[in-house]
Structures are given as structure tokens and as C-alpha cells.
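Beneath this line is the structure, given in C-alpha cells, with notes to follow.
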Amino acid sequence: MLNEILVNKPEFYMGWYNLALAYASSGNDENARKAYDKTIALEPAQPSRDGTVYNAYGHFLLERKHYCEAIQLFEKAVELDENNPRAQNNLKQASQQLQEAGTVCP
């Protein structure tokens, strides 16, 4: 159903966001990433900026141990909504996991 909507309204960023969530929950990581990327590309043009989509994409990536990308998205979520405790906690958690994994971000 979401795909049908997006064919007619490809600029509907919340449609892409919900599609990303659906793909992620079904284990289709490749299509989830594509839908999240489309969401992120469309988000800045919205009348009201939405840090939630950055936080959700960051969480998706953190679960898959893509720490550096996740941290960038959490930072953007906090930048857009500095009072979002979920994004702040996710940023802290991702930073800790990055350190524990011994990963260095470029």
C-alpha cells in the first residue's frame, strides 16, 4: 500500500519513513536503508524539521553495528531537537558501543 502511495506522491517523506520501518521490521535491510535514505533526503524540505526520522534511522544502524553512521544520525537528531532524551540516550549508547568495539570513525 505504501509503495502505491509513493508512486503518486514520491515527495511524501512520512510515507518513505513508514516504508523504512516496515522493511526494517520484516528484515529487509537493503530496502529499509533505501527508504530511510529517501526519507532523510526529503526531510529538510519539510515545513517543520523532524529529528525523529534521524533518530529512528540511527537506531536501525546501531542495531546492525554501523556505529559511525548511527552516531552521525543521532547527532543530527539532537541538533534538530536538543530536548529529545531518546536521541540523547541513543547517541550516548552508540558512542559507548563504538568505544567498546574499538572502532574509529573516519
Side-chain angles (χ1 to χ4, degrees):
M1 182 172 65
L2 285 169
N3 282 318
E4 290 177 30
I5 293 169
L6 293 169
V7 166
N8 295 319
K9 291 196 79 165
E11 74 288 350
F12 181 45
Y13 93 106
M14 287 306 291
W16 288 104
Y17 175 61
N18 284 301
L19 187 61
L21 295 174
Y23 280 137
S25 69
S26 69
N28 188 337
D29 288 1
E30 181 180 344
N31 283 331
R33 282 190 76 134
K34 289 176 184 177
Y36 272 123
D37 287 340
K38 186 69 173 176
T39 303
I40 296 302
L42 293 169
E43 186 281 327
Q46 304 311 305
S48 179
R49 299 299 305 269
D50 186 0
T52 304
V53 296
Y54 296 90
N55 188 59
Y57 193 6
H59 190 265
F60 169 83
L61 292 170
L62 181 60
E63 287 179 333
R64 286 143 185 90
K65 302 185 186 320
H66 297 281
Y67 305 116
C68 298
E69 290 175 275
I71 287 170
Q72 290 176 342
L73 290 163
F74 292 140
E75 288 174 340
K76 184 66 174 182
V78 171
E79 175 188 322
L80 292 174
D81 183 4
E82 62 188 34
N83 296 318
N84 183 335
R86 186 170 289 163
Q88 292 171 351
N89 289 336
N90 285 340
L91 177 57
K92 182 177 178 182
Q93 180 183 11
S95 297
Q96 289 173 340
Q97 288 182 22
L98 173 77
Q99 185 177 12
E100 290 169 4
T103 304
V104 177
C105 296

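Numbers here are sequence positions counted from 1.
Using a 4.0 Å cut-off between a side-chain N of Lys or Arg and a carboxylate O of Asp or Glu, K76 and E43 do not qualify as a salt bridge.
Of the inter-residue distances, the one linking L42 atom CG with D37 atom CG reads 11.0 Å to the nearest 0.5 angstrom. Of the inter-residue distances, the one linking L91 atom CG with Q96 atom CD reads 10.0 Å to the nearest 0.5 angstrom. With values rounded to the nearest 0.5 angstrom, Q93 atom CD is found 9.5 Å from Y67 atom OH. Taking OG of S26 as the start and CG of L21 as the end, the distance is 11.0 Å to the nearest 0.5 Å. Taking CG of N55 as the start and CZ of R86 as the end, the distance is 7.5 Å to the nearest 0.5 Å. One finds the CD atom of Q97 at 10.0 Å from the OG1 atom of T103 (value rounded to the nearest 0.5 Å).
Across all their heavy atoms, A94 and I71 have their closest contact at CB-CG1, 3.6 Å. Here the closest heavy-atom approach between residue W16 and residue P10 is recorded as NE1-O, 2.8 Å. Between A87 and A77, the shortest heavy-atom distance links the atoms CB-CB, 3.8 Å. When all heavy atoms are compared, the tightest approach of L2 to N18 is CD1-C, 3.7 Å. Residue Q46 comes nearest to E11 through the heavy atom pair NE2-O, 4.4 Å, listed as atom of the first residue, atom of the second, then distance. Residues F74 and G58 approach most closely at CZ-C, 3.3 Å, considering heavy atoms.
Ring-plane geometry between Y57 and Y36 is classed as parallel, the angle between the planes falling under 30 degrees on a 0 to 90 degree scale with a further cut at 60.
At a threshold of 4.5 Å between side-chain heavy atoms, the hydrophobic network of Ile, Leu, Val, Met, Phe, Trp and Tyr places L73 and V78 in two separate groups. Linking ILVMFWY side-chain heavy atoms closer than 4.5 Å, directly or via other members, places L98 and Y54 in two distinct hydrophobic clusters. Note on F12 and V7: separate hydrophobic clusters, where clusters join Ile, Leu, Val, Met, Phe, Trp and Tyr whose side-chain heavy atoms are under 4.5 Å apart, directly or indirectly. A single hydrophobic cluster is not seen to contain both L62 and V53; linkage of ILVMFWY side chains at heavy-atom distances under 4.5 Å, directly or through other members, places them apart.
Side-chain contact annotation: Y17 with D50, donor-acceptor N/O pair under 3.5 Å absent.
The closest side-chain heavy-atom distance from R33 to R64 is not below 4.5 Å.
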